[in-house]
Structure formats: structure tokens, C-alpha cells
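Letters go in sequence order (proteins before strands), and every chain restarts at 1. Everything quoted here is computed from the prediction, not taken from an experiment.
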Number of protein chains: 4
Amino acid sequence: MSNGEGRRSKRADARRNEKTLLDAAAAVFVTSGVEAPVRDIAAKAGVGMGTIYRHFPTRADLIVAVYRHQVDACAEAGPELLASSDSPYEALRRWIDLFVDFLVTKHGLAAVLQSDNAGFETLHTSFLDSLLPVCTRLLEAAAEAGEIRADLQAYEVMRGIGNLCIGADSDPRYDARRLVGVLIAGLRA
Amino acid sequence: MSNGEGRRSKRADARRNEKTLLDAAAAVFVTSGVEAPVRDIAAKAGVGMGTIYRHFPTRADLIVAVYRHQVDACAEAGPELLASSDSPYEALRRWIDLFVDFLVTKHGLAAVLQSDNAGFETLHTSFLDSLLPVCTRLLEAAAEAGEIRADLQAYEVMRGIGNLCIGADSDPRYDARRLVGVLIAGLRA
Amino acid sequence: MSNGEGRRSKRADARRNEKTLLDAAAAVFVTSGVEAPVRDIAAKAGVGMGTIYRHFPTRADLIVAVYRHQVDACAEAGPELLASSDSPYEALRRWIDLFVDFLVTKHGLAAVLQSDNAGFETLHTSFLDSLLPVCTRLLEAAAEAGEIRADLQAYEVMRGIGNLCIGADSDPRYDARRLVGVLIAGLRA
Amino acid sequence: MSNGEGRRSKRADARRNEKTLLDAAAAVFVTSGVEAPVRDIAAKAGVGMGTIYRHFPTRADLIVAVYRHQVDACAEAGPELLASSDSPYEALRRWIDLFVDFLVTKHGLAAVLQSDNAGFETLHTSFLDSLLPVCTRLLEAAAEAGEIRADLQAYEVMRGIGNLCIGADSDPRYDARRLVGVLIAGLRA
DNA sequence: CATGAATGAGATTTCATTCAT
DNA sequence: CATGAATGAAATCTCATTCAT
């Protein structure tokens, strides 16, 4: 085996390894929530705990990586929805649906997103960096079209939606989607 | 000292002590949240941990006791507001303001209120028992007056409001009161 | 009420009180064993825990008092059995039956009787003071009659019997009476 | 270092550590009994408490491991004694000597062996699984040879012996070996 | 003298994080 | 670079014993 190939295969290995890790973490997050013991995730991935820590020094790093694709997809959907919807408000509504669908299926994610625990600062920031501009854009468009009030920051709206999604999966009497619908209705001018 | 007085003075003592406990717990809850270690609360009160357990066997019992008065006051304010407000919707709005004021000043309370942890079941139940009938009454009045949609359960509304209050005290960019206002606006028919 | 009467009735009260205590302790010992929490005994007696401690400073004192009558009765039965039995060995056998009957019906008593815990020293001593002379007498009589070996101390025999009774009530596969029978059979010359 | 070696050396390390643990536990058991606090055992071994729990999730697991070798040796000695002794009864007697020697030197072991505490169920079972068949075999052989009565179960006999050994080490006036001798003598037909 | 509230040591158990192999 | 054993701080809860009322 040549050095070049060796190096390349190592990189490939590392990528595969990281993929395994993220899949395992995602699976454990579904059943045990995003605060599941590191040991459980490592076990699911079939690696040592040290490997998790090497790739993702903090839990926030791991969570960010696990949901990176879905968050990016959500961010990217914003402009498309704005272009394809009948109105900015409709685009906003549909985009928020996407965001809510994402959140309510992630056991415990909404909860850590608003956690004031210092360790989750990164997570908070990362999600907001991706989504806040999109949400801002949609809110501005709807506000400019006179469809909604103009005095609300995207940060507040997203945070509110995030909060409404907390614990949505463990209580059949509570329908986060419906309440978010009420909130969005409340934005109307 | 007669037996009667003796017994009474002991009870008075215990009551005084319980007051100390509740004050200490309230204080610790403010700084460390309602999930603060029992040891910390005991230390703050200047009592042994056993004393906490004697008075409040579970953490839920303690939290309920700490906030009992405020919850009751909130519950009692409902009918009064309904009688004194210009409209049922206005009464609802003002009552919810009270509820939100209560929640946002209780570090971590909103979070445990929606926790699916079995230990907090009592807490959950206790709060709902007091407040749900009041909220139901206000929602029905407003719905009957045609001011709001009639398809939302009080449970959902209260839970939504509770969720919006989570973490409200640790983030200056997030104003739970304002968002709850948006939610209430969204109830309009 | 005269002083004399007052004093006498107080003594009567104290006696009644102590009787209540012992009955309650006996009852709790039956269900929870002789190491039951002091609180439980006090509750059963309808008195404060301090009252228990006043009358019986150590647990051993309480246990001794609870079983005083039965131990005395057992001690007194010795000479009678010796007089009325066909042989000293037969008297010994029947006396040990009494002792075993006493022990196996006292949940946990046999266990604390051999405990090396300093607190139970009194208990140990008290029981032995009453019963050892009786047992010694019976063993000597049987030994002198040539029915059993003469090299065993009463202390050892009683302790052995006590040990064989440990846990006899919680295991249907173990019959302490039968094993004690084997032990007594083993004493034969 | 190859993977194979790396893995093997790690296991060797863990084994060494486990040995340290067992030695420490054995030492603490001698001085403080088999119910010594986990913290004490960890301290003696110079490890964290978590290490104990990792290797031996329950106290019963630890006790079983500490005495595994001796119990096995005792079990294995049974057939040998049967083959090498002058009579089955003699083999039984000598085997029971081994068992008693084992028990009386284990502070508190005999006591937990008959404890009805659920946590010690495993311990109880483990010991019986090893020793009961051996004892049964010896009793049957002696019974068939007409040397002892045939109506006693090995369980009862072992339990009785175990009981006789309780507290044997803390009382110079009590010689468990001698009393067990009496019990065994009592088995004679 | 009786009460029972209060004390607080002590035991168990979990899990994030480190680091020797 | 990976492993997972080890660490040990934290938190909970119990109950014998004391002592203010």
C-alpha cells in the first residue's frame, strides 16, 4: 500500500468513523434525548468514549454535527419558499412548519436549545447563525407586505417557537404544531 | 404552661420553621432554580437536610408549598378579572399576564412544569388543579362572546404559555411576556 | 386529690405507660423485627420517641424488657421439667424446645443475640444471666446420668441453639426445630 | 504495539486491577465484615468507588468474586474426600470441617448468607449452586452406608452449619467447630 | 415528664471527563 | 488515534439520637 493511498484511506476511514458516530448519536438522541449518556452513544457506535470526545469535545459540538444537515436544509428552504409561495406570510408559515417538524422530532433538543447552561452556548449560537438570517428575511418580507406586525425580532419568534416545541413528544394532550399555529396567527398585523 | 399551650407553641414553632424553610427554598430557587440540591436549601435555611425531608417528602411537595400562595392568588384573580374587565378577552389577557408574571420570575419552574419526570407529576397536577378550571372559565367566556376561537383546550393554552416562559429570565433578548401577547392575539376568532 | 393518691396514680400511670410501650414494641418486633425503627415503635404506642428513650435508653434495654416475662418463664420451667421428666436428657430436650419456640417466634432476636455490636452486650448478658444457670443445671444432670457428653459448656450449647434459630422464620426450606433436634441428638454420650 | 497485544495488555491491566480490588475487599471484609462501606473498600484498594461498581455492580457480586476460589476449592474437595476417606461419614465430617474453616474466617459472611435481604439472593444462590450438590452427594453416600439418618436435606444441613458459624470469630467462648461437630454427631443413624 | 422536630453522619449510585495503554 | 477503565464530585435519602418546648 502506498503512502498516498494509506493517507487517503485513513481520511476515508475517519470520515466513515465520524458518519458512524453521528448516526449512532442520532439514533440514541431519538430514544434517550439529546442529553443521553456519552457511554450509550459510544456503545451504539461501537467506539470508545474517548473517540466521541476527540471528534466532538463538547456535547454541543456533537448535537450541532448531528443536526447540521437538517438545519442547513431548513435554512436553504427559506428563500425557496419565499419565491414559490403566494405570499410572504404563507412562506413564513410554511417555513416555520419545517422548523417545528424538525424540532418536535428531536427529543429534548428544544429544551437544551434554551438552556442557559454554558456548555450549550455553542449549540445555541450555531443554530441561530444558520436560521436567524432566514427567519429575519421572511419576517421582513411579510412585514413589508403588511401581513404581519413589524415589531418582532426573528430571535424572539424563533425562540418562542423553540419553546413551544419543548416536551411536545411526551404529552398527547399537547400539540405543539397547533400552538405554533396560534402564535403565527398572532403575528398578523 | 398548660398542655394546650404547650402543644400550640410547638406547632407555632414548627410553623415558624416551615416558614423559614419556604423562604430559604424560595431564595435558593431564585438563584439556582427549582432543582437546586436539597443540601443547599437546608444550608440556606440553616437546618439539617432531614428537616426538609420531614416537611416536604418530595421536591414537588416543596415547590408546591413554596408557590402555593401565588398560585392560589392567581386562581382567585380569575373570577375577579372576569367581573371587572371590559370583556372576557380582556379578562383572559390580564389573567394570563398574572400567570406569566408568576412564571418568569421562578427560575426553572416552567421547565419542570412540563418535565415528564415522574417525580414532578404531583407538582404538575397540583398546579393544573388550581389553575385549569380558572383558565377554562375565562376561555369559555371569551369564546362565548365570540372574541376567540373555541377549539383550544385550556390545558394546551396554559402549557403553551408555560413553555414560552421557560428560560425567560436568563436571556435579555427574549421577552416571554411579549411572545405570550402574540400567542393570545393569535387566539382571536 | 391527696398527695399520696396523686403520687400513687402517677406511678400507676407510668406502669400503664410502660406496659403500652412494651406491647407496642412487641407488636412491631413481630412484623418488622427487633431492629425496627424507634419511630415505628413510638408511633404504634402512640407516644413520642423521647418516651421510649427515657424508659429504655438502649435498644437492648427495650428488647430485654419486652421478652423479660418469657425469658423468666423459660428459666423457671427448667427445674420443673427436671423434676417431672423421665430423665435429665428428656428434661433438657423439652427445655430446649421451649427456648427454641421462644426464639423462632421473635423475628431477628436470634440475630441480635449473637451480634458483636456493643449496644447489644446488655441484651446478651441479661438473657444469659437468666438462662445459663438453668441450662447448666440441665446439662450437668444429664451428664451425671451418663446420657450426654460432659465436655460442653452451657454457653456454647445455648449460643449454638440461638444461632440455629436465626432466620428460621423467613425460609420454608429451613426448619430450625429439626436442626436443633439433630444438635441435641449429637450431645448423647 | 499491535492491536492484539494492545488489547491483551489492557485486559491484563484490568485483571491486575481486579486482583487489587479483590485483595482489598478481602482485607476490608476481614476487619469490617462483608457489609463494609463501598467507600472503605475503594479507599483500601486505592481506587475510586466507581471502579468497584464497574467490576462488581452489586455487593453480592463482589463477595462472590472474593470467595470464588475458596468456594470452588471446597466444592472440588468433596469427591476427593469421598474417595480417600475410610467411610462416607468420615468424608462428610472432613468436608464440613473445610466448609466451617472457610466460614468462620469470613467476618459476617455466614450472617449475610442467611439474610433474607433481596440484594444477597445472588450470593446465596451462587454459594448453594456450588456446594449443595457436593453436600448432597456426601450425605447420600453416608446415608446409603447406613452411617447417618437419611431424612435430612443438604440445604438444611448446610444452612444449619452456616448458622452455627455466625459470629464465631468475635467470641472466644464460642467454638463453632466444636458445635458443628456435635451437629454432625447428631446425624448418626 | 412527654413530645417529636431537628440534626447530620453515612451509605448508595451515577456519569462527565480524563488519560494510561 | 482509539480505547474504556478509572476517577470522584454530587446528589439522594434514612434513621438513631438529642433537646427545646
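- Note on B:Asn17: a side-chain N or O is less than 4.0 Å away from OP1 or OP2 of E:dA6.
- Distance alone, capped at 3.5 Å, places no donor-acceptor pair between the C:Ser32 side chain and the C:Phe29 backbone.
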Show, in sequence, the C-alpha distance, side-chain angles and deciding distance for B:Leu109 and B:Phe127, and conclude whether the side chain to side chain contact (heavy atoms under 4.5 Å, CB included) test is met.
CA-CA 11 Å; B:Leu109 177 58; B:Phe127 273 48; 4.1 Å; yes

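- The shortest distance between the side-chain N/O atoms of A:His55 and the OP1/OP2 oxygens of F:dC1 is not below 4.0 Å.
- If you take CG of C:Leu62 and C1' of F:dT17, they are 15 Å apart, rounded to a whole angstrom.
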Here DNA chain F, pairs taken as Watson-Crick or G-U under 3.5 Å and shown with ( ), [ ] when crossing and | when to another strand, reads .||||||||||||||||||||

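- Put simply, CG on B:Leu21 is 13 Å from C1' on E:dT7, counting in whole angstrom units.
- Among the nucleotides F:dA6, E:dA2, E:dA6, the one closest to the side chain of C:Arg54 is E:dA2.
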Pairs under 3.5 angstrom, nitrogen or oxygen only, protein versus nucleotides 12-15 of chain F, please.
{"from": "F:dT12", "atom 1": "OP1", "to": "B:Arg59", "atom 2": "NH2", "distance (Å)": "2.7"}
{"from": "F:dT12", "atom 1": "OP2", "to": "B:Val38", "atom 2": "N", "distance (Å)": "3.3"}
{"from": "F:dT12", "atom 1": "O4", "to": "B:Arg39", "atom 2": "NH2", "distance (Å)": "3.2"}
{"from": "F:dC13", "atom 1": "OP2", "to": "B:Tyr53", "atom 2": "OH", "distance (Å)": "3.1"}

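- By the 6.0 Å contact criterion, NZ on A:Lys106 is enclosed, its count of non-hydrogen atoms from other residues, nucleotides or ligands being greater than 12.
- The separation between D:Ile52 atom CD1 and E:dT14 atom C1' is 15 Å, rounded to whole Å.
- Ion pairing between a basic and an acidic side chain is recognised when a charged N comes within 4.0 Å of a carboxylate O; A:Lys19 and A:Asp23 show such pairing.
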Take B:Val47 and B:Thr20 through the test side chain to side chain contact (heavy atoms under 4.5 Å, CB included) and record every step on the way to the result.
CA-CA 9 Å; B:Val47 304; B:Thr20 307; 5.6 Å; no

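- In this structure B:Tyr53 satisfies the side chain to side chain contact (heavy atoms under 4.5 Å, CB included) test together with B:Val38, sequence neighbours excluded.
- Between C:Val47 and D:Asp40, it is C:Val47 whose nearest contact on DNA chain E lies nearer the 5' terminus.
- Looking at A:Phe120 and A:Thr58, their side chains never come closer than 4.5 Å, going by heavy atoms from C-beta outward.
- Rounded to an integer number of Å, the gap from A:Ile41 CD1 to E:dA16 C1' is 12 Å.
- In this structure the side chain of B:His124 never reaches within 4.5 angstrom of the side chain of B:Gln114, judged on heavy atoms.
- A straight line from CG of A:Asp61 to P of E:dT17 spans 11 Å, rounded to a whole angstrom.
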Step by step, work out the side chain to side chain contact (heavy atoms under 4.5 Å, CB included) result for D:Phe56 and D:Leu22.
CA-CA 10 Å; D:Phe56 311 102; D:Leu22 291 178; 3.6 Å; yes

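- Between B:Thr51 and E:dA5 there is no side-chain N or O to OP1 or OP2 distance below 4.0 Å.
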